[in-house]
Amino acid sequence: MQYSKETSLGFALTTTLNMIRKKFNKKIKKLSLSSEQYALMKLIEFEKLTPSELANILKRDKATITRIAKSLEEKQYIYKEEINSRSFYIILTDKGKQILKEATEIAQEFHLEMINILGEDELLKTVKNLNKIRDYFEGVKWKKLY
């Protein structure tokens with residue numbers, strides 16, 4: 001297969017991700033959230049995590065996570081629980097839990113929209129293949145998840 005814009009996985013991923021983010025951000029804007037903020041809040045919904053742990057999970061640098069957390073803290077959606085003088089956990093506030101509940105309802109509707117576009121089987125295959133590529137570049141052997 002010859003390399004071109006039409007066959008480039010990187011181009012397809014980048015443009016598709018940009019469109020998905022744009023559409024999802026528009027849907028959750030009324031909650032004063034971005035897709036990045038939603039992702040962070042969703043990860044701490046059931047367990048407290050440090051910025052380093054969140055950076056590792058989200059594949060972002062710690063400075064970006066700190067910026068996102070600061071914005072959420074200003075909105076009173078999260079608070080920090082000190083572990084020691086150098087580290088802390090990020091935890092949802094009651095206000096944050098309510099906003100997250102509303103945002104998750106929007107995310108679930110968005111997920112159903114993706115199923116309508118691809119079908120459930122194709123969506124699962126797409127996620128599986130994207131995880132396979134991610135794991136390869138992380139140097140992790142692919143494990144059968146489905």
Checking K97 side chain against L92 main chain: does a donor-acceptor pair fall under 3.5 Å? no
Is the shortest side-chain heavy-atom distance between F110 and I20 below 4.5 Å? yes
Given I90 and L49, is the side chain to side chain contact (heavy atoms under 4.5 Å, CB included) satisfied, shown in steps? CA-CA 6 Å; I90 298 174; L49 296 168; over 6 Å; no
Short side-chain to backbone donor-acceptor contact, T7 and S4, under 3.5 Å: yes
Let me have the donor-acceptor pairs involving side chains of residues 65-73, under 3.5 Å, with sequence neighbours excluded, atom names and distances please.
residue, atom, partner, partner atom, Å
T66, OG1, K62, O, 2.9
S71, OG, Q37, NE2, 2.8
E73, OE1, K80, NZ, 3.4

Without placing hydrogens or testing angles, list every side-chain donor-acceptor pair under 3.5 Å for residues 98-108, not counting sequence neighbours.
residue, atom, partner, partner atom, Å
Q98, NE2, E102, OE2, 3.3
T104, OG1, Y38, OH, 3.3
T104, OG1, K42, NZ, 3.3
T104, OG1, L100, O, 2.8

Going by atom types alone, do S34 and N25 pair a side-chain donor with an acceptor below 3.5 Å? no
Quick check: closest heavy atoms across K59 and R134, and the distance to 0.1 Å? CE-CD, 4.1 Å
Joint cluster assignment, I28 & L17, ILVMFWY side-chain distance < 4.5 Å: no
Between OH of Y89 and CD1 of I83, what distance do you get to the nearest 0.5 Å? 4.0 Å
Polar side chain donor-acceptor pair, T64 to D61, under 3.5 angstrom: yes
Nearest-0.5 Å distance that lies between atom CG in L43 and atom CD in E45: 9.5 Å
I need the minimum non-hydrogen distance between M41 and L33, along with the two atoms involved. SD-CD2, 3.6 Å
Should we count NZ of K95 as having more than 12 external heavy atoms under 6.0 Å? yes
Treating T15 as the side-chain partner and F11 as the backbone partner, does any N or O pair qualify as donor plus acceptor under 3.5 Å? yes
Return the NZ to OG distance between K29 and S35, rounded to the nearest 0.5 Å. 13.5 Å
Would you call K23 and E113 a salt bridge, using N to O less than 4.0 angstrom? yes
Rounded to the nearest 0.5 Å, what separation is found between the OG1 atom of T93 and the OH atom of Y77? 8.5 Å
Do F88 and T50 make a side-chain contact, defined as non-hydrogen atoms from C-beta onward lying under 4.5 Å apart? no
Are M114 and L112 connected, step by step, through hydrophobic side chains (Ile, Leu, Val, Met, Phe, Trp, Tyr) whose heavy atoms are closer than 4.5 Å? yes
Point-to-point distance, once rounded to the nearest 0.5 Å, from CD1 of I44 to CG of L54: 7.0 Å
Give, for atom NZ of K128 and atom CD1 of I133, the distance between the pair rounded to the nearest 0.5 Å. 13.0 Å
Is any side-chain heavy atom of L123 closer than 4.5 Å to one of H111? yes
For the side chain of N18 and the backbone of T14, is there at least one donor-acceptor N/O pair under 3.5 Å apart? yes
